[in-house]
Amino acid sequence: MIVAERKHLKEIQGLVSDQDRILIVGCQECVTVCMAGGEREVGILASSLRLARSREGKPVEILEQTIHRQCDFEFVDELKDKVEGVDCIISMACGVGVQFVAERYVDRWVVPALNTKFAGGTKEIGLWEERCGLCGECILYLTGGVCPIARCSKSLLNGPCGGSQKGKCEVSEDIDCGWQLIYDRLQEKGRLDLLFEFQPPKDWSVARDGGPRKVVREDVML
Amino acid sequence: MKTESRLERVLAGGHFAVTAEIGPPKSASAKGIRKHASVLKDYCDGLNLTDNQTAIVRLSSIAAAVHVLDEGGEPVIQMTCRDRNRIAMQSDILGAYSLGIRNILCLSGDHQSFGNHPTSKNVYDLDSVQLVRMVKEMRDEKKFLSGDTMKTEPRMFVGAAANPFGDPFEFRVVRLAKKVEAGADFIQTQAIFDVEKFARWMEMVRDRGLHKQVYILGGVIPVKSEKALQYMQTVPGMAIPDELIKRMSAVKGKEAKQEEGVKICVEIIEQLKQVEGVCGVHIMAVMWERIVPEIVQGAGLFPRPRDFEPAEPEAAQAGDD
């Protein structure tokens, strides 16, 4: 899933300081799971903003709505009625959702409430970790199911670098060395031979470096 | 001989080679580089110019290498994968060769979070093993990474780093083997303080016969006090025995400590000479370059071999590109 984290209240307040009628939109997908922008977080942000603004002597009218998915126009269209009554929309989705909302309601001022972090998963409650580098060409079959693009700080393909020590990355003791993880996994599987082979330079043209990407599936188009 | 590198000739001649490091300054002046080069050139067969070491912006390694050439030294440019993509790397390698540079050390590079621009974006289009292979193929096959061909190839003596103290320990030799297979001609290791652990690593190197395929230069760092050792103990990928810290701590007085630091360094070099498969030493006297002559002399490695013919000047090639 896409993992995101809410911006500080002060920052969000600043983004809408000149707005008096606001719709806060939540999303029931990834950001609900990572507890950043679901219905509950929409309620918390709405109350916090109302309180902060009334303390400033600038009361604000805030509507709330959480839709199934903000990255899908079908659901974004459900916001139509509420959008009519406001000047500004705070999207509590990932960057994708913010853009779909902004694209649909071009005459409204749309701002993000979250910082979109990475493609990852829930390691334990309250801990989410990055797992995929979205490089466009999966090589997890070479590395025992541990991604060197996302989990090595240098995205090395022939790692580890000299900075790996005691299983940790040179960048921080809080980061596991991705290549130590790969080594351990392949050792468990008796497949260290995979690491002896030279891995050639990656084709980054299928990653973000090739420009904004699209997936087109004519077979499923209506 | 694969190249016109002086370092290659020394190594191929069976001499115990000496290289040292010169750290370019955080300014636009070449004064310090020239001063160090003019002294060190007689004591070393190669002078490494670091490439924005520890991710701190410094005068470029290739520019610094030209100053070393002007002073009569033999430069080894370091190139990291952190700051350039494959286009910039190949371009700089062509440029470096055209300026008279004959040696390159291919590195991953310290992560930018260490340096003075921690908010920068890194590149890592290639990793160091891929960089080694690329330089080798540019030289031996006159090919760019894309497969396009060139007329005049950069005939670089290709180096790579090895860290005998990084983890996973067992994999370190495999990684060296990958670098050798990719085309590394010489290796400069991480600084050695724990000679015993290094010797264990060299045993694994010899088991694979790698010492016969690549010239291995053991890295050493002279230290001025126990503080430097204590600091290095916290640096990822460094192994510092406690005894050394005790030994330095026991010595009192700044000058006496410095003398002890030189003594330790010379002792380590003497021990490295005894390790089968070690072809030379790489002295990394960071911010203390002027001490290198004393160490080289102390280790009985002076004078350096100079009895071979100077490299033949490049034949003029009209209309060549």
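From a predicted model like this one, the values you see are computed outputs, not experimental measurements. First the proteins, then the strands, lettered A, B, ... as listed; each starts at 1.
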Query raised in the report: Among A:Ser153, A:Gly167, A:Gly163, A:Cys161, which residue forms the greatest number of heavy-atom pairs with chain B at distances under 4.5 Å?
Result: A:Cys161

Report task. Sort B:Leu131 into side chain, backbone, both or neither according to what part of it lies under 4.5 angstrom from a heavy atom of chain A. Result -> neither

Query raised in the report: If you check every heavy atom in residues 183-205 of chain B against those of chain A, which residues fall under 4.5 Å?
Result: none

Query raised in the report: Are A:Leu134 and A:Arg213 side-chain neighbours, meaning at least one heavy-atom pair lies under 4.5 Å?
Result: yes

**Report entry** Polar contact flag, side-chain donor to acceptor under 3.5 angstrom, B:Gln112-B:Asn122
**Finding:** yes

Query raised in the report: Relative to chain A, which segment of B:Val129 carries a heavy atom at a distance below 4.5 Å: side chain, backbone, both, or neither?
Result: both

**Report entry** pair A:Arg131-A:Arg151: side-chain heavy atoms closer than 4.5 Å
**Finding:** yes

Report task. With a 4.5 angstrom heavy-atom cut-off, could you sort out which part of A:Lys202 is near chain B: side chain, backbone, both or neither? Result -> backbone

Report summary line: So, the part of B:Met134 with a heavy atom under 4.5 Å from chain A: the answer is neither

Query raised in the report: Do we get A:Arg104 above A:Phe73's six-membered ring, with its NZ or CZ under 6.0 Å from the centre and within 45° of the axis?
Result: yes

Requested in this report: Specify which of B:Lys179, B:Arg133, B:Met238, B:Glu181 makes the most heavy-atom pairs with chain A at under 4.5 Å.
Outcome: B:Arg133

Query - Interchain contact, A:Leu192 with chain B, by part (heavy-atom threshold 4.5 Å) - result: neither

Requested in this report: Please state whether the side chain, the backbone, both or neither of B:Phe165 comes within less than 4.5 Å of a heavy atom of chain A.
Outcome: backbone

Query raised in the report: Are A:Asp184 and A:Gln180 linked by a side-chain donor-acceptor pair shorter than 3.5 Å?
Result: yes

Query raised in the report: How many angstroms lie between atom OG1 of B:Thr19 and atom CG of B:Asn48, to the nearest 0.5 angstrom?
Result: 5.5 Å

**Report entry** Heavy-atom pair count under 4.5 Å with chain B, highest-scoring of A:Pro160, A:Cys169, A:Gly162, A:Ser155
**Finding:** A:Pro160

Requested in this report: Any chance you could lay out the salt bridge (Lys or Arg N to Asp or Glu O under 4.0 Å) test for A:Glu173 and A:Lys168, step after step, and finish with the verdict?
Outcome: CA-CA 6 Å; A:Glu173 284 191 359; A:Lys168 298 297 173 185; over 6 Å; no

Requested in this report: Counting only heavy atoms closer than 4.5 Å, note whether A:Pro200 contacts chain B via side chain, backbone, both or neither.
Outcome: backbone

Query - Candidate list B:Asp127, B:Asp125, B:Asp92, test salt bridge (charged side-chain N to carboxylate O under 4.0 Å, His left out), partner B:Arg86, passing option - result: B:Asp125

Query raised in the report: With no hydrogens and no angle check, is any side-chain donor or acceptor of A:Gln165 less than 3.5 Å from a backbone partner on B:Gly237?
Result: yes

Query raised in the report: Heavy atoms, side chains only, cut-off 4.5 Å: are A:Thr143 and A:Leu194 in contact?
Result: no

Requested in this report: Could you check which of B:Ala182, B:Pro168, B:Ser108, B:Ala177 has the highest count of heavy-atom pairs closer than 4.5 Å to chain A?
Outcome: B:Pro168

Query raised in the report: Taking 4.0 angstrom as the limit, do B:Arg84 and B:Asp51 come out as a salt bridge?
Result: yes

Requested in this report: Hey, could you give me the OG/CD1 distance between B:Ser91 and B:Ile93, rounded to the nearest 0.5 Å?
Outcome: 9.0 Å

Query raised in the report: Which bit of A:Tyr183 is near chain B, if near means a heavy-atom gap under 4.5 Å: side chain, backbone, both or neither?
Result: side chain

Query - CD1 on A:Ile89 to CD1 on A:Ile24, rounded to 0.5 Å - result: 11.5 Å

Query - Interchain contact, B:Val123 with chain A, by part (heavy-atom threshold 4.5 Å) - result: neither

Query raised in the report: Quick one: what part of A:Glu197 sits under 4.5 Å from any heavy atom of chain B, side chain, backbone, both or neither?
Result: backbone

Report task. Side chain from CB out, backbone as N, CA, C, O: work out which of these in B:Phe171 comes under 4.5 Å of a heavy atom of chain A, or both, or neither. Result -> both

Requested in this report: Any pair with a residue in residues 162-174 of chain B that passes salt bridge (Lys or Arg N to Asp or Glu O under 4.0 Å), sequence neighbours left out, goes on the list, sorted by first then second residue, please.
Outcome: none

Query raised in the report: Contact part of B:Arg82 toward chain A, heavy-atom cut-off under 4.5 Å: side chain, backbone, both or neither?
Result: neither

